[in-house]
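The shown structure was predicted, so the numbers you read here are calculated from the model rather than taken from an experiment.
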Amino acid sequence: MENNENTGKVLTLADVQTGEYCVIVRVTGHGSFRHRLMEMGFVRGEKVKVIRNAPLRDPIEYEIMGGHVSLRRVEARRVEVVPVTEEVANQYSFHGTVTEETERILGHVGKRIHVALVGNPNCGKTSFFNHATGMREKVGNYSGVTVDSKLGYYHYQDYTIVIADLPGTYSLTEYTPEERYVREYIMEQHPDIVLDVVDASNLERNLFLTTQLIDMNVPMVMALNMYDELEKNGDKLDIDTLSELFGFPIIPTVSSRGTGINVVMAKVVDLYENLEENTKHIHINYGTDLEKSIDIIKKDMLEHLDLSGSYSTRYLAIELLAGDKMISEMVGKFDDDGSVVKVADEQRKQIEKQYNEDAATIISGAKYGFVRGALLETYTQGKDKSKQPAYSADKILTNRWLGFPILVSSSGLCSR
């Protein structure tokens, strides 16, 4: 989200000077870190005054909800704000309600929702984007990468939903530029909502990417696209039960005709405003041994506030256990003594020795086990039995040695 449309710079609590006032737009971060900030009163629409900065600029003391609270600078950077004058700030009531003038200032920024559009190649993601935005997109070229994304806008009531159409990808690992770009975008840009576009006619393969997004612990809505093809095949899917199992809203769509897009966007707004009841964070169960290793890695990671405040520690622990080199390098920037990476390496060696299999394969197998279990409860195949599950093919596509050349050769495919 952009608080300053001229500079594109997001203003955070860490940027506000002593004596100045601001209003909170949103709180980013993950898990218990984010919840702790919100429990302290740092919620959207609250006014904040900076009381004082410590001599070494850490911590910073704030006035909020009639009390004084101190935050470390790394915590303050997770709270996005819009500046207001003292006069405007004083028009707030004790319950955080605002006058018409303040609502105008807050609404100018706070009613923009940043959505990241992700999905497999050929899932209909680009058709969804074009129908939602009226093809009013601009291509954003980013230095240092060979892929790009498109930005478009969808207006719903008084919200402007900024949609970033990210490159199609089968996975969020480190083996192709598309995978790396999408993963980095989600981790670093912190979109308000991730909109997962899934091909309903090829569920098992498409839902592998969904399991990775679940691990990342991002607010999510699924557009179950090409739903007409699923129905044409005579297949049946219990969407309500699947939504309950996954912990986020799932909406059937046919993006080639624009069907269901308005419903999806309404769900995006509901989720953003915390009005969506069917939302919860679930954990994919990787089995007793792997879960124990994940917890051990997480425990050491929680000692590094810069890391745990910015990223999902569970996701990082899983990727470290899988031996992802790029994640290892990223974590190393926050890990001065190298303890986190060292612990992860030890746990990976232990798991691989115990199972006589590389950890990445074990983790991928558990993800597919989760997907197959969910579909076993919700999916009924039609009369056409010739359509076989894509599991065997996906074991090849996600293999760390064979998958790379296959994905590279397929990355040039256009989205439907």
Side-chain angles (χ1 to χ4, degrees), residues 115-132 147-150 163-186 191 193-216 218 220-230 233 235 237 239 242 246 248 250-256 260-261 264 284 363-364 367-368 370-372 374-375 379 387-400 402-416:
V115 172
L117 195 63
V118 303
N120 285 193
N122 299 317
C123 69
K125 179 172 61 63
T126 297
S127 293
F128 187 102
F129 175 82
N130 288 339
H131 271 276
V147 295
D148 55 34
S149 64
K150 297 189 292 289
I163 306 174
D165 182 19
L166 304 184
T169 180
Y170 292 105
S171 180
L172 295 179
T173 51
E174 59 179 342
Y175 303 115
T176 70
E178 289 80 9
E179 291 176 353
R180 294 192 295 271
Y181 181 88
V182 174
R183 180 171 71 177
E184 183 176 345
Y185 187 96
I186 294 173
I193 310 289
V194 171
L195 180 48
D196 181 23
V197 182
V198 169
D199 179 358
S201 66
N202 201 343
L203 285 171
E204 195 164 11
R205 185 183 72 184
N206 277 239
L207 290 176
F208 182 85
L209 177 61
T210 302
T211 64
Q212 294 175 314
L213 294 170
I214 289 173
D215 284 340
M216 295 180 83
V218 292
M220 186 156 49
V221 173
M222 178 184 291
L224 195 58
N225 200 32
M226 305 184 192
Y227 198 73
D228 56 334
E229 294 191 17
L230 180 145
N233 292 331
D235 299 344
L237 183 68
I239 295 178
L242 189 64
F246 281 4
F248 50 77
I250 300 177
I251 310 299
T253 62
V254 183
S255 64
S256 60
I261 291 178
V264 169
I284 295 170
I363 291 171
S364 293
K367 289 181 185 295
Y368 276 116
F370 170 80
V371 169
R372 298 177 88 182
L375 292 180
Y379 174 75
K387 190 178 177 183
Q388 298 298 321
Y391 182 66
S392 298
D394 278 318
K395 289 187 71 174
I396 298 174
L397 286 171
T398 58
N399 182 281
R400 66 191 310 161
L402 299 178
F404 177 75
I406 296 174
L407 290 176
V408 169
S409 65
S410 64
S411 63
L413 293 173
C414 297
S415 297
R416 175 181 167 182

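- Taking 4.5 Å as the limit, some side-chain heavy atom of Thr210 sits within range of a side-chain heavy atom of Phe248.
- With rounding to the nearest 0.5 Å, the separation of OH in Tyr368 from CZ in Arg205 is 8.5 Å.
- With a 4.5 Å cut-off on side-chain heavy atoms, Met216 and Leu213 count as touching.
- Across every non-hydrogen atom of Tyr379 and Asp235, the tightest pair is OH-OD2, 2.8 Å.
- The side-chain heavy atoms of Asp215 and Leu172, taken from C-beta on, include no pair separated by under 4.5 Å.
- Across every non-hydrogen atom of Pro191 and Tyr185, the tightest pair is CD-O, 4.2 Å.
- At least one donor-acceptor pair closer than 3.5 Å links the side chain of Asn206 to the backbone N or O of Asp199.
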Pair Asn202-Asn120, side chain to side chain contact (heavy atoms under 4.5 Å, CB included): steps then yes or no: CA-CA 10 Å; Asn202 201 343; Asn120 285 193; over 6 Å; no
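- To the nearest 0.5 Å, atoms CG (Leu166) and CD (Glu178) are separated by 11.5 Å.
- Distance CG/Asn130 to OG/Ser256: 12.0 Å, rounded to 0.5 Å.
- Interatomic distance, CG of Leu195 versus CZ of Phe129, reported as 11.5 Å (0.5 Å rounding).
- Looking at heavy atoms from C-beta onward, Lys150 lies out of side-chain contact with Leu117 at the 4.5 angstrom threshold.
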Taking it one step at a time, do Tyr170 and Phe208 satisfy ring pair (Phe, Tyr, Trp, His ring centres under 6.0 Å)? CA-CA 8 Å; Tyr170 292 105; Phe208 182 85; 10.0 Å; no
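- Ser171 and Glu179 make their closest contact through O-CG, 3.2 Å (heavy atoms, listed as atom of the first residue, atom of the second, distance).
- With rounding to the nearest 0.5 Å, the separation of CG in Leu203 from CG in Leu242 is 7.5 Å.
- In this structure, the separation between CD1 on Ile239 and CD1 on Ile251 is 8.0 Å, given to the nearest 0.5 Å.
- Checking side-chain atoms of Lys367 against main-chain N and O of Leu207 turns up no donor-acceptor pair under 3.5 Å.
- Within the 3.5 Å criterion, the main-chain N or O of Gly124 finds a donor-acceptor partner in the side chain of Ser255.
- The two residues Ile284 and Phe370 come nearest to each other via the heavy atoms CG2-CB, 3.9 Å.
- A heavy-atom distance below 4.5 Å is not found between the side chains of Val118 and Thr169.
- Contact check for Asn225 versus Lys125: no side-chain heavy atoms found under the 4.5 Å cut-off.
- The backbone N or O of Ser201 sits nowhere less than 3.5 Å from a side-chain atom of Glu229 that would complete a donor-acceptor pair.
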